[in-house]
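Working notes for the structure below.
By convention in this document, chain letters (A, B, ...) are assigned in the order of the sequence lines, proteins followed by strands, and residues within each chain are numbered from 1.
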2 protein chains.
Amino acid sequence: MARSEPYHHENLRQTLLAAAVALIGEVGPRDFTLREVARRAGVSHNAPYRHFPAKDDLLVAVATDGFDQLTALMQKSSARGKTALGRLQLCGRGYVDFALRSPHHFLVMFDLPKISHEPCKDEPVGKNAFDVLMGCIMAAQQSGDLPAGDPVPLAWTAWSLVHGIAKLSVSGNLPLSHRATLNFTQRATEVLSCGLMNVEA
Amino acid sequence: MARSEPYHHENLRQTLLAAAVALIGEVGPRDFTLREVARRAGVSHNAPYRHFPAKDDLLVAVATDGFDQLTALMQKSSARGKTALGRLQLCGRGYVDFALRSPHHFLVMFDLPKISHEPCKDEPVGKNAFDVLMGCIMAAQQSGDLPAGDPVPLAWTAWSLVHGIAKLSVSGNLPLSHRATLNFTQRATEVLSCGLMNVEA
DNA sequence: TGCTCATGTTGGCAGTGTCAACATATACAG
DNA sequence: CTGTATATGTTGACACTGCCAACATGAGCA
């Protein structure tokens, strides 16, 4: 019954990850500290090294967690749409919403070199989220809301627009409220899909 | 003639800034170190504090330098266009080109908290670059290549698209070569301007 | 000449990521 | 049941960082 257990915690790896996610949310990547994570998990400053080779590997795990949340939010948001095009737009809205609600987490997901320049990983960390977008795009193509053809360039274009909005908002360069940013996203994606349908060739 | 001058350098502030810009380009913001800047400038590890109150203030100066370069590149690039719309698109191309050529510098400009969340500065660091974009947008409006009305939302939309392309490219999420990325940018901005002209209301 | 001050210096402190060495608890071979 | 290997925790140390305090030097000005 709850005897003291100086060694071998129940599941220290997950405890560390949870503490890391919380710490990122509070102080951001710049003030994120391995030793503070260990403190919050109630272990010595070197315990994390038994589960993560280096600080950046723990941050990769944090980013992966972020991509899971992002994927879930995109799915949940897009499910509320009536038409294929509506679902695609809500997918982008969910993307921006996540960035606004978890700005620090969002930063780690896209600005961590270990993730960014991973040399030819067969399964990039953000693949699930990208697949949600791809699904929405292809559905919109089949319903005639987007032009037929290779969906990948369409996905890149849509992703770039929405990612740019998210990044500029998070970095304080779009002077809009949370709500206004989401509306702006909606409007921008409408414009883009209209352009995709009407541009020549 | 070239006597030793242990104190009072010619213009240490600019020397430090140049060394900082070079160091950022080489190692990026994460491995950027005040002491290494001082080493390269040939001064003691505390000399920078006589010119910059803290590390982040030196980084703000680095970012400002980056925005100057960005502004110049956007101007130079857009000047090659024949039409107002062409100049607008080349402006975006110059933006992405800068990001691809100076990825680390670009990171500092948009991910430094001191810049991002500066509370209501009357002259944001990136205002000059934004003004170049605004000029291109308003010229395109006057030539009928873009719809009339408030140019600011148009600028935000175009900026978001191009910024997203730049960010995703720099973080390794768009598997395209430098050249292909620039072509993709051109194509994406065409699509966007077409959508802006054709979208209802 | 002598005072003040801007701008450099050295030295030190707390905090960090990481390595090495040590300790303990569990699992499994005999 | 006993002994040993291994996984997982610990303490201690090192080099390095940003920043602070105290001191030194040189220029400008009364």
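The distance between atom CZ of A:Arg30 and atom P of C:dT16, rounded to the nearest whole Å, is 15 Å. Protein atom CD of B:Glu36 is 8 Å distant from nucleotide atom P of D:dT17, rounded to whole Å. Regarding A:Phe32, its CZ atom lies at a distance of 18 Å from the P atom of C:dG15, rounded to whole Å. Distance CG (A:Leu59) to P (C:dG17): 10 Å, rounded to an integer number of Å. Between the CD atom of B:Glu10 and the P atom of C:dG8 there is a distance of 11 Å, given to the nearest Å.
The stretch residues 11-27 of chain B has no heavy atom under 4.0 angstrom from DNA chain D at all.
Listed by chain and residue number, nothing satisfies the side chain to side chain contact (heavy atoms under 4.5 Å, CB included) test with B:Ala72 (two or more places apart in sequence, or in another chain). Taking B:Phe67 as the reference, B:Phe110 meet the ring-ring contact (aromatic ring centres under 6.0 Å, His included) condition, with sequence neighbours excluded. By the side chain to side chain contact (heavy atoms under 4.5 Å, CB included) test, A:Ala20 pairs with A:Phe32, A:Val37, A:Leu58, A:Val62, sequence neighbours left out.
For the side chain to side chain donor-acceptor pair (under 3.5 Å) condition, no pair includes a residue of residues 72-86 of chain B, sequence neighbours left out. Sorted by first and then second residue, the pairs that involve residues 38-64 of chain A and meet side chain to side chain donor-acceptor pair (under 3.5 Å), not counting sequence neighbours, are A:Glu26-A:Arg40, A:Glu36-A:Arg39, A:Glu36-A:Arg40, A:Asp56-B:Arg30, A:Asp57-A:Lys114.
Using a 4.0 Å heavy-atom cutoff across all strands shown, B:Arg39 reaches sugar-phosphate atoms only and no base atom.
When every heavy atom of A:Pro153 is checked against every heavy atom of A:Thr157, the shortest pair comes out as O-OG1, 2.8 Å. Smallest separation of non-hydrogen atoms from A:Leu16 and A:Pro48: CD1-CA, 3.8 Å.
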Please write out the pairs of protein N or O atoms and N or O atoms of nucleotides 18-21 of chain C separated by less than 3.5 Å, giving the distance to one decimal.
{"residue": "C:dT18", "atom": "OP2", "partner": "A:Tyr49", "partner atom": "OH", "Å": "2.8"}
{"residue": "C:dT18", "atom": "OP2", "partner": "A:Lys55", "partner atom": "N", "Å": "2.9"}
{"residue": "C:dT18", "atom": "O5'", "partner": "A:Tyr49", "partner atom": "OH", "Å": "3.2"}
{"residue": "C:dT18", "atom": "O4", "partner": "A:Arg35", "partner atom": "NH1", "Å": "3.3"}
{"residue": "C:dC19", "atom": "N4", "partner": "A:Asn46", "partner atom": "OD1", "Å": "2.9"}
{"residue": "C:dC19", "atom": "N4", "partner": "A:Asn46", "partner atom": "ND2", "Å": "2.2"}
{"residue": "C:dA20", "atom": "N6", "partner": "A:Asn46", "partner atom": "ND2", "Å": "3.4"}
{"residue": "C:dA21", "atom": "N6", "partner": "A:Arg50", "partner atom": "NH2", "Å": "3.2"}

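Contact annotation: A:His51 side-chain N/O to D:dA7 OP1/OP2 distance is not under 4.0 Å. The side chain of B:Ser44 contributes no N or O atom lying less than 4.0 Å from OP1 or OP2 of C:dG8.
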Can you give me every donor-acceptor pair (side chain of residues 90-102 of chain B, partner residue at least two apart or in another chain, under 3.5 Å) with its distance?
{"residue": "B:Tyr95", "atom": "OH", "partner": "B:Trp159", "partner atom": "NE1", "Å": "2.9"}
{"residue": "B:Tyr95", "atom": "OH", "partner": "B:His163", "partner atom": "ND1", "Å": "2.8"}
{"residue": "B:Asp97", "atom": "OD1", "partner": "B:His178", "partner atom": "NE2", "Å": "2.7"}
{"residue": "B:Asp97", "atom": "OD2", "partner": "B:Arg101", "partner atom": "NE", "Å": "3.2"}
{"residue": "B:Asp97", "atom": "OD2", "partner": "B:Arg101", "partner atom": "NH2", "Å": "2.9"}

Could you pull out all donor-acceptor pairs under 3.5 Å where a side-chain atom in residues 128-148 of chain A meets a protein atom, sequence neighbours excluded?
{"residue": "A:Asp131", "atom": "OD1", "partner": "A:Lys127", "partner atom": "NZ", "Å": "3.4"}
{"residue": "A:Asp131", "atom": "OD2", "partner": "A:Lys127", "partner atom": "NZ", "Å": "2.8"}
{"residue": "A:Gln141", "atom": "NE2", "partner": "A:Pro147", "partner atom": "O", "Å": "2.9"}
{"residue": "A:Gln141", "atom": "NE2", "partner": "A:Gly149", "partner atom": "O", "Å": "3.1"}
{"residue": "A:Ser143", "atom": "OG", "partner": "A:Ala140", "partner atom": "O", "Å": "3.2"}
{"residue": "A:Ser143", "atom": "OG", "partner": "A:Asp145", "partner atom": "OD2", "Å": "2.9"}
{"residue": "A:Asp145", "atom": "OD2", "partner": "A:Leu85", "partner atom": "N", "Å": "3.4"}

